[in-house]
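Beneath this line is the structure, given in structure tokens, with notes to follow.
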Amino acid sequence: MSDPATAREAIALATDGDFAELPLSEAPLKDDGPIGWPGYSDTHARASARTGETESVVCGTGRIGGVEAVVISFEFRFLGGSLGERTGARAAAAHALARERRLPVVVLPATGGSRMHEGMRALLQLQFLARESSLTRAAGLPQVAVLRDPTTGGGWATLGAGSDVILALPGAQVGFAGSRVRPPDADPAAYTAEAQLAHGHIDAIVAPDLLRHTLGHWLSLLTRPAEGPVAPPKALGGAGTPPAASGREAVARARHPERPRAAAYLDAHFTDREEISGDRSGGIDPGMRCGFGRLHDGRTVAYAAQCGTATRPAGFRTAARLVRLADRLGIPVLTLVDTPGAANDPAAEHAGAGPAIADLFAAVASARVPLTSLLIGEGGSGGALALAAPGNLWATPDSYFSVIAPEAAASILKRPPEESATTADQLRLRPEDLVELGVARGVVEP
């Protein structure tokens, strides 16, 4: 079973068992709704009798992993979980309560989209819900969605895809186009949670028996920020090793296959963590890891870490997404810089390498939360600098940072390839050179 069958089953699956429903003051539906759809009042009444609910959404508060949150859960058996005026009003009231009480919002959608029986008055709810979500976002409160089966139409395009962190239950049908309005030859596999994850539109798929724990973990991380700026991690390599004697030696150290990489630094620095996935524009870069980690004092730091590969446009966009989310939530950011440079193949250009790098530069430059950066390996040109905190960059002993890779510099200067080592010496790219040049604040010790 990929999805709890009812709104209240979903609430029971996600919360600690202390759900309190928001009070309602709704008059009985009459006159067949806002556009006078023949028989709508009777249809609405039958849906209520069949489900025991008075609308397609149940809203209230409850604890999830010990964190109090506002919960919005959809009842798909009530007219397909469709969005009508009352659905929108209830969700809006839930968001208003979240802002009043400074609580995170958890949405458990299972919806086919806007309600046909209310026409354009139903469709307008998408604008109203988008506004409520934006107000909650501007208030610095996290929003987490758990996509159930199905999540389609306007429900996916507002409360679902508009959330900060998007989880999904296995096998859930997820897509803007519902099953009855897709092209006849459309591949059903494209409209699944698994496909959305593969293309960077959701962050993770979570099994039902792990949902409460995972949700609680996310809420705990997103609501307990550290006080920044955070100190850079200690170096994991190079203990007892003297500084690199030359640029070519610094480059060789950074490129050594056994040098500690981002995964080792993240494991050493955080007691536990959760990761976001994808750029929300159709792409994923496995060479850029972004998420939120817990320090040993129990507080949260956001991180974006390059993994030693050429960073692709999706990686830059995912990092920008991480920085902006952390900034809204008041969570300080740690970045780990390690890339030979931005990917420069035709596919990267088609995917918007330049705009993606520019967007990350802008996100870092405009962040109000403190950023700390540690150069842990290769610092290749603008692809590395985009992730570096201005004025708060540190370096490990087995790293280098250069305006461009020595081999590329030699090529640009029309030097033979064998002169790349000499070029590396001339570029003053060693950690100690970076400190002397004012690029880095210091070299961290093991």
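For the single chain, residues carry numbers from 1 onward in sequence order.
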Taking all non-hydrogen atoms of both residues, which atom of [X] and which atom of [Y] are closest, and how far apart?
{"X": "L295", "Y": "V230", "value": "CD1-CG1, 4.5 Å"}
{"X": "A342", "Y": "I357", "value": "CB-CD1, 3.8 Å"}
{"X": "A302", "Y": "L322", "value": "CB-CD1, 3.9 Å"}
{"X": "A96", "Y": "E132", "value": "N-OE1, 4.3 Å"}
{"X": "M288", "Y": "A319", "value": "CE-CB, 3.9 Å"}
{"X": "V105", "Y": "A98", "value": "CG2-CB, 3.5 Å"}

### Task
Walk me through it: do R90 and L22 pass the test side chain to side chain contact (heavy atoms under 4.5 Å, CB included)?
CA-CA 9 Å; R90 290 188 183 188; L22 267 63; over 6 Å; no
Under 6.0 Å from the [atom1] atom of [X], do we count more than 12 heavy atoms belonging to anything else shown?
{"X": "H350", "atom1": "NE2", "result": "no"}
{"X": "Q127", "atom1": "CD", "result": "no"}
{"X": "R131", "atom1": "CZ", "result": "no"}
{"X": "F176", "atom1": "CZ", "result": "no"}

### Message
For residues 48-90, which residue pairs pass the ring pair (Phe, Tyr, Trp, His ring centres under 6.0 Å) check, not counting sequence neighbours?
### Response
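As it turns out, the ring pair (Phe, Tyr, Trp, His ring centres under 6.0 Å) pairs with a partner in residues 48-90, which skip direct neighbours, are H44-F78.
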Will you find, in the side chains of [X] and [Y], an N or O donor that is under 3.5 Å from an N or O acceptor?
{"X": "T51", "Y": "E75", "result": "no"}
{"X": "T271", "Y": "H296", "result": "no"}
{"X": "S82", "Y": "S56", "result": "no"}
{"X": "S220", "Y": "R294", "result": "yes"}
{"X": "E53", "Y": "S48", "result": "no"}
{"X": "H256", "Y": "D398", "result": "no"}
{"X": "T300", "Y": "R224", "result": "no"}

Starting at [atom1] of [X], measure out to [atom2] of [Y] and round the result to the nearest 0.5 Å.
{"X": "L126", "Y": "T158", "atom1": "CG", "atom2": "OG1", "answer": "5.5 Å"}
{"X": "E227", "Y": "D297", "atom1": "CD", "atom2": "CG", "answer": "9.0 Å"}
{"X": "T214", "Y": "L167", "atom1": "OG1", "atom2": "CG", "answer": "7.0 Å"}
{"X": "H217", "Y": "L222", "atom1": "NE2", "atom2": "CG", "answer": "10.0 Å"}
{"X": "L385", "Y": "S373", "atom1": "CG", "atom2": "OG", "answer": "9.5 Å"}
{"X": "L236", "Y": "I376", "atom1": "CG", "atom2": "CD1", "answer": "8.5 Å"}

#### Entry: Flag, side chain of D18 to backbone of R63, donor-acceptor distance under 3.5 Å
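Yes, D18 side chain to R63 backbone: donor-acceptor pair under 3.5 Å.
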### Task
Give a yes or no on whether the backbone of N392 and the side-chain of R441 come within a donor-acceptor separation of less than 3.5 Å.
no
### Query
Aromatic ring centroids of F270 and Y303 under 6.0 Å?
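Ring-ring flag for F270/Y303: true, centres closer than 6.0 Å.
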### Task
Applying salt bridge (Lys or Arg N to Asp or Glu O under 4.0 Å), run through D187 and R182 and close with a yes or a no.
CA-CA 9 Å; D187 180 6; R182 298 169 190 161; over 6 Å; no
### Task
Starting from the C-alpha separation in whole Å, work towards a yes-or-no answer on side chain to side chain contact (heavy atoms under 4.5 Å, CB included) for H213 and I64.
CA-CA 8 Å; H213 170 77; I64 302 175; over 6 Å; no
#### Entry: D164: partners by side chain to side chain donor-acceptor pair (under 3.5 Å), with sequence neighbours left out
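For D164, the residues satisfying side chain to side chain donor-acceptor pair (under 3.5 Å) (neighbours in sequence not counted) are R328.
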### Message
Applying side chain to side chain donor-acceptor pair (under 3.5 Å), can you list everything that pairs with D345, at least two apart in sequence or on another chain?
### Response
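So D345 forms a side chain to side chain donor-acceptor pair (under 3.5 Å) with R312.
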Residues [X] and [Y] bridged, charged N to O under 4.0 Å:
{"X": "E21", "Y": "R8", "value": "yes"}
{"X": "R115", "Y": "E118", "value": "yes"}
{"X": "R86", "Y": "E55", "value": "no"}
{"X": "K234", "Y": "E445", "value": "no"}
{"X": "D338", "Y": "R259", "value": "yes"}

### Task
Let me see the working for S114 and Q125 under side chain to side chain donor-acceptor pair (under 3.5 Å), right down to the final yes or no.
CA-CA 8 Å; S114 300; Q125 300 309 306; over 6 Å; no
Heavy-atom check, side chain of [X] versus side chain of [Y], under 4.5 Å:
{"X": "L393", "Y": "T335", "result": "no"}
{"X": "R273", "Y": "F292", "result": "no"}
{"X": "D279", "Y": "R321", "result": "no"}
{"X": "L197", "Y": "E194", "result": "no"}

### Task
Output all residues satisfying ring pair (Phe, Tyr, Trp, His ring centres under 6.0 Å) with H201, sequence neighbours left out; order by chain, then residue number.
none
### Derivation and outcome, side chain to side chain contact (heavy atoms under 4.5 Å, CB included), residues V146 and L215
CA-CA 9 Å; V146 180; L215 262 180; 4.0 Å; yes
### Query
Should V174 and D149 be marked as a side chain to side chain contact (heavy atoms under 4.5 Å, CB included) after you check the CA-CA gap, both sets of side-chain angles, and the distance that decides it?
CA-CA 7 Å; V174 179; D149 185 32; over 6 Å; no
### Query
Partners of D209 by salt bridge (Lys or Arg N to Asp or Glu O under 4.0 Å), sequence neighbours excluded?
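Scan of D209 (salt bridge (Lys or Arg N to Asp or Glu O under 4.0 Å), adjacent residues dropped) gives none.
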### Task
Output all residues satisfying side chain to side chain contact (heavy atoms under 4.5 Å, CB included) with A395, sequence neighbours left out; order by chain, then residue number.
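Side chain to side chain contact (heavy atoms under 4.5 Å, CB included) check on A395 returns L375, S399, P431.
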